[in-house]
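Structure record follows, encoded as structure tokens.
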Protein chains: 2
Amino acid sequence: MARPKGDSSVTEARKQDILKAAFEVFSKNGYRGGSLSQVSEIVGITEAGILHHFKTKANLLIEVLAYRDELASEISGVTESSGLEFVTGWLNLIDYNISVPGIVELYCIVSAEATAADHPAHKYFQDRYEYVIGVTTASMQRIHDDGYMRKNLDPVDLGRAIVALSDGLQVQWLLDRKWDMIDEHKAFFRRILTDEGAKLTGLYIKEKVIA
Amino acid sequence: MARPKGDSSVTEARKQDILKAAFEVFSKNGYRGGSLSQVSEIVGITEAGILHHFKTKANLLIEVLAYRDELASEISGVTESSGLEFVTGWLNLIDYNISVPGIVELYCIVSAEATAADHPAHKYFQDRYEYVIGVTTASMQRIHDDGYMRKNLDPVDLGRAIVALSDGLQVQWLLDRKWDMIDEHKAFFRRILTDEGAKLTGLYIKEKVIA
DNA sequence: GTCTATAAATTGATAGAC
DNA sequence: GTCTATCAATTTATAGAC
């Protein structure tokens, strides 16, 4: 992408430093709980310096969220509707999230805050959920059409459910990490895939012993 | 329950007023975003007056959460492990939640905030989730033992999953209420119950047409 | 581009009168 | 039990020097 006029590369690097620090702060304390002074301390700059680059605190948050979305797109190919590959892609995403608890915290806290209609990131999260659920639903539809889904399951229900399940499990995981978040997701996919589908994604278990 | 010494009934009534107002404020803005002045304005009292009753803001939050738990216990009999009755009890709880979005917002926002180890309600939510997941897991186990669960499903996975699903769906619902949260939950139970179990809980659909 | 200085508001909390 | 008065701290944001 072309660099906007007037932004030297050193300026851009500075903005990246601030974004990284703001990301850290908002992850830990949320938007309302995080302050510009915390960010400035990490960067080694004054609060006025930060506002010079981002104008307002709300603006900074939005750019932090956009910054993270770029990262996420690189990590997994979940953005496309892709049948069975969706399953492994989604598991990869969870696996990545486990390695960066800060990101999980950021989304967990800020998405909850942003349910308030006057929150600066309200529209961002509305749009994001609509997009993500669209992708998951399309993938479920594709899995269904390919014949890898068990009988009598509704792809539309499942598209919403997988997003909800992941969000909910992440809250639980932030409060108590003494259980395997990947296993929980695998169990979900095992519930909805045919044996054939489970085999193709490496999730098949011949006989699961239930206590 | 016996009334604590020194608390006149009029004092107790005042505390209830404050709790109700604080509940409202924390529901809308979370703990960090909500202020004592907002609470005081609703009650028609000064901030000093509030702190006279609750000593600190953190203390007020804890009592608000406990206050709500009492309410919830009255609403549904979900607290006991009770086989198939769990399904209808849980659906009743969701139905109740839909009628009081403020409660949903309170738990959604504060539980997310409270994932931070130094949050005043951190331990409260750790304990609460442990308890709730314990109840749901026991209920799933009971459903399994009674023969109403489909083959190859793990009650332990499902106990955690139903809590996560509900939490996640509630976030989605706060952002966009143009879909049926009850239907989504029914679909989940339909996925895990035998036809016999679905019939007994009124969830059976003879032939579901998948688009 | 970053700083100092400062504004203007809000925060949670305390002391003490009534 | 509630008030006034006050505290010290912190907040976001602006103005202007360098």
Side-chain angles (χ1 to χ4, degrees), chain A residues 3-26 28-64 109-110 113-114 116 118-121, chain B residues 3-26 28-64 109-110 113-114 116 118-121:
Chain A
R3 183 182 302 146
K5 266 183 196 170
D7 277 12
S8 72
S9 67
V10 55
T11 292
E12 203 51 40
R14 205 79 179 108
K15 287 189 72 169
Q16 289 292 317
D17 290 345
I18 296 171
L19 279 177
K20 197 157 162 270
F23 175 74
E24 192 178 322
V25 168
F26 291 150
K28 196 163 192 174
N29 305 318
Y31 173 70
R32 289 177 166 137
S35 69
L36 293 180
S37 78
Q38 291 172 308
V39 178
S40 70
E41 198 173 338
I42 295 174
V43 181
I45 199 182
T46 61
E47 299 154 52
I50 291 175
L51 290 172
H52 165 73
H53 290 284
F54 294 92
K55 197 70 185 169
T56 67
K57 185 192 179 189
N59 197 3
L60 177 59
L61 171 67
I62 298 300
E63 294 218 34
V64 164
I109 298 180
V110 181
E113 283 181 348
D118 59 348
H119 191 283
Chain B
R3 184 181 301 146
K5 267 183 196 172
D7 276 13
S8 72
S9 67
V10 55
T11 293
E12 202 51 40
R14 205 78 179 111
K15 287 189 71 170
Q16 290 291 318
D17 290 345
I18 297 170
L19 279 177
K20 195 158 162 270
F23 176 74
E24 192 178 321
V25 168
F26 291 150
K28 195 163 192 174
N29 305 319
Y31 172 71
R32 289 175 166 140
S35 68
L36 293 180
S37 78
Q38 292 172 308
V39 178
S40 70
E41 197 173 338
I42 294 174
V43 181
I45 198 182
T46 61
E47 298 156 53
I50 292 174
L51 291 171
H52 166 73
H53 289 284
F54 294 92
K55 197 67 185 173
T56 68
K57 185 193 179 190
N59 197 4
L60 177 58
L61 172 67
I62 298 300
E63 294 218 35
V64 165
I109 299 179
V110 180
E113 282 181 349
D118 59 348
H119 191 283

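What's counted below: heavy atoms across the whole structure, side chains too, no hydrogens, waters or symmetry copies. Below, chains carry the letters A, B, ... as their sequence lines are ordered, and counting in each starts from 1. Just so you know, these numbers come straight off a predicted model, no measurement behind them.
- Between A/Thr56 and B/Gly49, the one whose closest nucleotide on DNA chain D sits nearer the 5' end is B/Gly49.
- When the P atom of C/dT11 is taken as reference, atom CZ of B/Arg32 falls 16 Å away, rounded to whole Å.
- We find that CD of A/Glu41 is positioned 13 Å from C1' of D/dT10, with the value rounded to whole Å.
- Nucleic acid contact class of A/Ser35 (heavy atoms, under 4.0 Å, all strands): sugar-phosphate only.
- We find that CG of A/Leu60 is positioned 10 Å from P of D/dT12, with the value rounded to whole Å.
- Looking at B/Lys15 and B/Glu63, their side chains come closer than 4.5 Å, going by heavy atoms from C-beta outward.
- Contacts of A/Gly34 with the nucleic acid, taken as non-hydrogen atoms under 4.0 Å apart, involve only primed sugar atoms and P, OP1 or OP2.
- Stem list for DNA chain C (at least 3 consecutive Watson-Crick or G-U pairs, distances under 3.5 Å): C:1-7 with D:12-18, C:9-18 with D:1-10.
- When the P atom of D/dA17 is taken as reference, atom NE2 of A/His52 falls 17 Å away, rounded to whole Å.
- Across the protein-nucleic acid pair, B/Lys15 atom NZ and D/dT2 atom C1' stand 16 Å apart, rounded to whole Å.
- The separation between B/Gln38 atom CD and C/dA9 atom P is 17 Å, rounded to whole Å.
- In plain terms, the two heavy atoms of A/His119 and A/Val110 that are nearest each other are CE1-CG1, 4.3 Å.
- Across all strands, B/Leu36 comes closer than 4.0 Å only to sugar-phosphate atoms, never to a base (heavy-atom distances).
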